[in-house]
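Numbering of ligands and ligand atoms starts at 1, following listing order.
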Amino acid sequence: MTAVPDIDTTAAVLRSKLADHLARHGWLRSPPWRAAVEAVPRHEFVRRFYRETDAPGLTTWTPVTADLVGVEEWLNLAYTDDTLITQFDGREIDWTQPKTISGAHPTSSSTLPSLVVRMLEDLQVHDDMTVLEVGTGTGYSTALMCHRLGAQRVTSVETDPDVAARARDALDRCGYSPRLIVGDGLAGDPDGSPYDRVIATCGVRNIPHAWVEQTRPGCFILATLRGWMRSLGLVRLTVDHDDQAHGRIIAEEPSFMIARQQDAPQNLGMLPGPDQGSTRATSHGPDLLSLPDSGFLAQLAMPHARFFTMPADDGTPHTYVLDATNDAFAVLTPDGQEWTVRQGGPVALWDELEKSLVLWHAAGSPPPTEFGITITPARQAIWLRSPDGPSWPLENESCGEQ
Ligand SMILES: C[S@@+](CC[C@H](N)C(=O)[O-])C[C@H]1O[C@@H](n2cnc3c(N)ncnc32)[C@H](O)[C@@H]1O
């Protein structure tokens, strides 16, 4: 009879396979981070989670625990390169009767390891550095940093007390005792500053100035910028001596759940009436908003906007683009091969987008990685190729608060 391998042995084999996978794809590039991936038991941070099912239609998540799917399957899933959801809509999951969930909004997770590891590599830490993490989540990425740097050099902030408590338990079980703070990570951690590195695993609409103030000059901030329509990408900023920071978008694809304090207002407000605004023809349809590069430009040009499509009474699809901070709107409707746009309010949203597209096309339609960012205490801007080139103001810090 063959002996059934125990959880620790099976998990160690799976960790080694995960590390091979991450290295093969170029995410895991250095021996110290490889050692961390091979050592930190991710399954301890995701004892219970939800995973997305592949079924078409409404996004649906199914619960996973060792009891529900069996120890082997639970471990296999814990060591796949997937995001594992641990909370929806800011509420704790009722694990006494776990059910399939759909139409919900994930608010905490263990991020897919390839993204965690790629960010940790991009952080370019040295042995004696201190790190502030914003968004503890399950604590898995915190544990990787503890393994790499020593827990005494790691501080992590989580805004949700229940999530933070679970992360603390998991970190304790694994023998890591970093400094854990429950609070709004947008304020950073003045008591522990200055830090050598700040890393955010929730998306932000702007770089909180507190992070710049709390990072040692010459050191880095790594975060994903995003708006209410989409992500703007992963930025790495170097902090200057004069309370400023500058850097580049180093990858366009990562998208994190937005910092809770910066989430879009739930209420969409009043829809514009059919007689409001002025109408013109446009060759740019709503697809622009969803396509990778033009969607990026749309997010820059309309920083407070959201959009959705719904059919009018006669079935014609209307795409509404609504600014959440004022009454500006653009409504797109198909008109043969072209489109009609009706705009109103203090800003002509579609005009702004088209102006940005002209600048972008004139520059040869470069990808987001050709954009950079400058932060001063007074202003944050994203620019194309050079700080003197075309630029777009980033969402002002105070406007993100509700
Ligand atoms: C994608 S999860 C973090 C993943 C985590 N690093 C891991 O490895 O498990 C994002 C986390 O950011 C937290 N968060 C959102 N806004 C925050 C804020 N303002 N300050 C601190 N944490 C925040 C969320 O509650 C969520 O737990």
Taking ring-ring contact (aromatic ring centres under 6.0 Å, His included) as the cut-off, I'd like each qualifying pair that reaches into residues 12-36, sequence neighbours left out, listed once. H21-H25
Please indicate whether E72 has more than 12 foreign heavy atoms, meaning atoms of other residues, nucleotides or ligands, lying under 6.0 Å from its CD. no
Heavy-atom contacts with [X] under 4.0 Å: which atoms of ligand 1 show up? List them by number with element.
| X | answer |
| --- | --- |
| T107 | 24 (C), 25 (O), 26 (C) |
| A259 | 15 (C), 16 (N) |
| E133 | 6 (N) |
| R260 | 15 (C), 16 (N), 24 (C), 25 (O) |
| G135 | 3 (C), 5 (C), 6 (N), 11 (C), 12 (O), 13 (C), 21 (C), 22 (N) |

In this structure, does ligand 1 have an atom that sits under 4.0 Å from one of the heavy atoms of [X]?
| X | answer |
| --- | --- |
| T142 | no |
| G183 | yes |
| Q262 | no |

Salt-bridge criterion met for K17 and D81 (N-O under 4.0 Å): no
Contacts under 3.5 angstrom, residues 210-218 side chains, donor-acceptor by atom type, not counting sequence neighbours:
from : atom 1 : to   : atom 2 : distance (Å)
W211 : NE1    : G185 : O      : 2.8
Q214 : OE1    : D189 : N      : 2.5
Q214 : NE2    : A187 : O      : 3.1
T215 : OG1    : W211 : O      : 2.6
R216 : NE     : D196 : OD1    : 2.8
R216 : NH2    : P194 : O      : 3.4

Could you find the nearest protein heavy atom to [atom] and give me its residue, atom name and distance?
| atom | answer |
| --- | --- |
| atom 9 (O) of ligand 1 | T138 OG1, 2.6 Å |
| atom 19 (N) of ligand 1 | Q261 OE1, 2.7 Å |
| atom 6 (N) of ligand 1 | S141 OG, 2.7 Å |
| atom 14 (N) of ligand 1 | T159 CG2, 3.7 Å |

If we only count N/O pairs under 3.5 Å, is M257 in contact with ligand 1? no
Mutual orientation of the aromatic rings belonging to F308 and Y320 [parallel < 30°, tilted 30-60°, perpendicular > 60°]: parallel
W95 vs Y50 aromatic rings, parallel, tilted or perpendicular, using cut-offs 30° and 60°? tilted
For the student: nearest non-hydrogen atoms of I207 and L225, plus distance: CD1-CD2, 4.1 Å
Compare every heavy atom of A298 with every heavy atom of L289, then report the nearest pair and how far apart it is. CD2-CB, 3.8 Å
